[in-house]
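In each ligand, atom 1 is the first atom listed, and ligand 1 is the first ligand listed. FYI, side chains are in, hydrogens and waters are out, and symmetry mates aren't considered; it's all heavy atoms of this structure. As the structure is a computational prediction, the values presented were derived from the model and not from experiment.
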Amino acid sequence: MFHAQIPFDRIPHQFKSGLLCRSSQSEKDGLKKADADPSVKAVMICGENGKFSAGADIRGFSSPKRHGVALSPIVSLIESSEKPVVAAIEGVALGGGLEVALGCHYRVAHAKARMGLPEVTIGLLPGAEGTQRLPRLIGVPAALDMITTGKHIPATEALKLGLVDEIVEENTIEAAIRLANKVIGQPLEPRRLSLKPVPKLPNMEAFLREALVKVKRQARGCLAPELCVQAVRAATERPFAEGVRRERELFGLLLSSGQAQALQYAFFAERAVRRWAAPGGASWSSAAPQPVRKAAVIGLGTMGRGIVTSLVKANIPVVALEQDLEYLNKGRKAVMLLLEREAMKMEGGAQTLDFHNPARLQFTVDFDLLCDVDLVIEAVFENMALKKEIFHKLSKICKPGALLCTNTSALNIDEIASATNRPQQVIGTHFFSPAHVMRLLEIIYGRHTSPTAIATAMQLAKALKKVGVVVGNCFGFVGNRMMFPYVQQAVFLLEEGSRPEAVDQVLEDFGFKIGPFRMSDLAGLDVGWRSRKEQGLTGPSLAAGTPARQRHGQRYSPLPDLLCEQGRFGQKTGKGWYQYERAGGRTATPDPWLHDFLSQYRDTHGIQSRFIDQEEILERCLFSLINEGFAILAEGIASGPEHLDVIYINGYGWPKHRGGPMFYASTVGLPRVLAKLQKYSEAHPDVPGLRPNAFLKKLVAVRSPPLKEWMSYLSHQSPKL
Ligand code: NAD
């Protein structure tokens, strides 16, 4: 029996390193030829290099002509073949690759293969009839789950769902040929998915309605998941051809929405930041990381617990150290709880993590046990004197090559390094809370930090499945530094007449996970209060006679300090900018006490309360944050706008479908951002955060070039780079 074995380069698409690309007309004839040749009895489609297909190259999506829809005729051609077509799925079948497999009459997968329709993650939907065929094959609930989340499923799950007919441990191609042999002569009609009805649910309408509500809630303004639901709904309500037309319509909408471009930008930005550069020409291409075989974490508070958990999950043995036995026991309990929860989510559970084994996780109060670790992460209180004392101790105890990392949120890395005998091995590794969940790792190099130290920290980020972003040293680094003016504007808006819930609502509608006041209540108002006291902005060290609403000649709001003086620290005390059901409660409700307090405050300071509209709230908060971003770029604290965007998307809940703050600025238009900043700055001349940065002005003066060209307009290379 003769079979045509057709890799993608013989049918309309060709394979290049697992990517599905467009190809020439002559290649499109491959399948037709196989169909016409009477000696061919069946067709098997496979990939190359052990991969069926990783889907379309998303760079192609920037051109409207090159999107998934172009694949549809091929999928139809496969499905309508008069000879059985079997897909041999090895490695991955993603996006267009899986849609091709859905056009086949049978699917055989290797046990290690993964399948998925990840288009939603780049702001699109499976546009080659995937939203119409998948529900017909595996039913609406499972198809919706795959299509709206973009998740990759293992072959074992695909078999359970009926997505594949068979899984094999050995040679997939041979198994597919065996299956093809077996089915020759069997009717193909029942195997053509476009002819199958979508399996019915007793309550389809209610199910789809609920699914829509759920994805809308999770999507926070991102269109793709919602339109995916609409496309699947079309599969349930319309004949196949009409469903396909609806799918195309919705695909077109997404393509022109701007969100797909933002999400694709975010996708490439995350890759771009892996190629880090630092002073003196050190970069990702020349620096090699040191192995991290054992690590230590100092301080098991909010951050240390998550960091230990993250390291254990990455299979790195950890020594966890606290200041005394009482704190140690508290920390140990908290870490164990986190690890147990994590283990429950994993296949193999606690055994896989092996955290009860002291060789993998050891708790101690004895610094001498840190003598053989390769890397230490310090996460003690945010206090310079304490951090210096710890680093001094570490440089005496740790082995010569050990990397010394600090999790400080804002403090000067060089000053911390000055307490050691090895400043070249001191680096900031700024985790975000909860540290075992948040993907961002801001990596801060100091004046003396070596390229090896940076490369090792980047390697650590990768091992922890985080996104490492390398930045320079300044107060608050990139993320928190941009956050300061944003939060400052939010508080000024309260002084002028707004309310926490109004400000939060505008920013949450924009797409932030939580607004600045909910965020402040969650993190604890006392954290910033302590820092402001240390900086002499409030508390006993404030010079007598300092005006209540001014510091160093600039506008200052004492509102957060006043709340702290009342013991309103946020969720932990049950009261902050909102009130909560109890101390530690999570449900924020607007607090009439706070509203009265704000009115009295305005009366005391002679502030005329006014109505502040949504546009002003959004622009003052976001444009001041973006303005600080331009200052950071101009100073060379980050090597490009992508760095700032990746930090904001992964560490600060910035909506990904808006591409990060700097990308957002480019979509709003730099002239508009500049004009609005100028307007607000004139109204508030004592607020430096609203004064347009010179780099922004320059970019507007040179007619707002595309974001990827911004850095070439810096007149000098900053000494920091
Ligand atoms: P925390 O107060 O929750 O915990 C600090 C821990 O350090 C405490 O358990 C304390 O006992 C321990 N500690 C203090 N002195 C010690 C010593 N000499 N030896 C060993 N342990 C000691 O603080 P946190 O919120 O986890 O913050 C830790 C660091 O991380 C700070 O620098 C903070 O700025 C930074 N950070 C915090 C967050 C956040 O959201 N909480 C986010 C990013 C970075």
Side-chain angles (χ1 to χ4, degrees), residues 296-310 318-335 338 362-370 376-394 396-398 404-413 415-416 419 426-444 466 469 471 475-481 483-484 487 513-514 516 518-535 569-572 647 650-653:
V297 176
I298 305 180
L300 301 177
T302 311
M303 296 307 292
R305 295 163 188 186
I307 298 171
V308 170
T309 304
S310 223
V318 191
V319 182
L321 186 140
E322 255 295 349
Q323 58 176 325
D324 61 30
L325 285 175
E326 197 186 328
Y327 275 106
L328 185 73
N329 285 332
K330 223 169 113 189
R332 184 206 314 257
K333 258 196 206 152
V335 168
L338 283 180
Q362 190 177 10
F363 291 89
T364 186
V365 290
D366 182 2
F367 266 84
D368 286 338
L369 291 189
L370 308 191
V376 183
I377 301 171
E378 164 277 311
V380 302
F381 306 129
E382 186 78 334
N383 175 291
M384 181 56 91
L386 175 62
K387 295 211 189 255
K388 282 171 87 168
E389 184 193 316
I390 296 222
F391 273 74
H392 181 66
K393 221 177 204 174
L394 288 175
K396 282 190 175 159
I397 292 166
C398 293
L404 309 181
C405 312
T406 171
N407 187 48
T408 175
S409 313
L411 299 178
N412 188 337
I413 305 295
E415 191 175 342
I416 296 174
V426 175
I427 191 162
T429 47
H430 184 199
F431 289 76
F432 288 72
S433 181
H436 60 297
V437 176
M438 296 294 284
R439 285 187 79 220
L440 179 64
L441 185 66
E442 204 177 20
I443 295 171
I444 307 107
K466 296 193 186 293
V469 186
V471 301
F475 189 75
F477 319 126
V478 166
N480 284 343
R481 179 170 159 184
M483 192 56 18
F484 296 140
V487 172
K513 279 195 182 123
I514 50 174
R518 259 186 251 275
M519 162 94 89
S520 165
D521 273 359
L522 176 70
L525 275 77
D526 51 322
V527 179
W529 191 36
R530 213 174 306 133
S531 160
R532 289 191 297 279
K533 281 196 275 195
E534 272 188 29
Q535 291 171 60
F569 292 168
Q571 287 188 3
K572 61 177 91 164
I647 286 175
N650 293 289
Y652 292 83

Output every pair passing side chain to side chain donor-acceptor pair (under 3.5 Å) with a member in residues 430-442, not counting sequence neighbours, ordered by first then second residue.
-> Glu270-Arg439, His430-Glu442, Arg439-Asn650

Closest heavy-atom contact between Met303 and Ala379?
-> CB-CB, 4.4 Å

Closest heavy-atom pair, Val308 versus Ala320, reported as atoms and distance to 0.1 Å, is CG2-CB, 4.1 Å

Those protein residues which place at least one heavy atom below 4.0 Å from ligand 1 | Ile298, Gly299, Leu300, Gly301, Thr302, Met303, Leu321, Glu322, Gln323, Tyr327, Ala379, Val380, Phe381, Glu382, Leu386, Lys387, Ile390, Asn407, Thr408, Ser409, His430, Phe431, Ser433

Judged by atom type as modelled, is there a donor-acceptor pair below 3.5 Å linking the side chain of Glu322 to the main-chain atoms of Tyr327?
-> no

Using the salt bridge (Lys or Arg N to Asp or Glu O under 4.0 Å) rule, collect all pairs that involve residues 325-334, keeping only residues at least two apart or in two chains.
-> none

Residues that Ser310 engages under side chain to side chain donor-acceptor pair (under 3.5 Å), provided they are two or more places apart | none

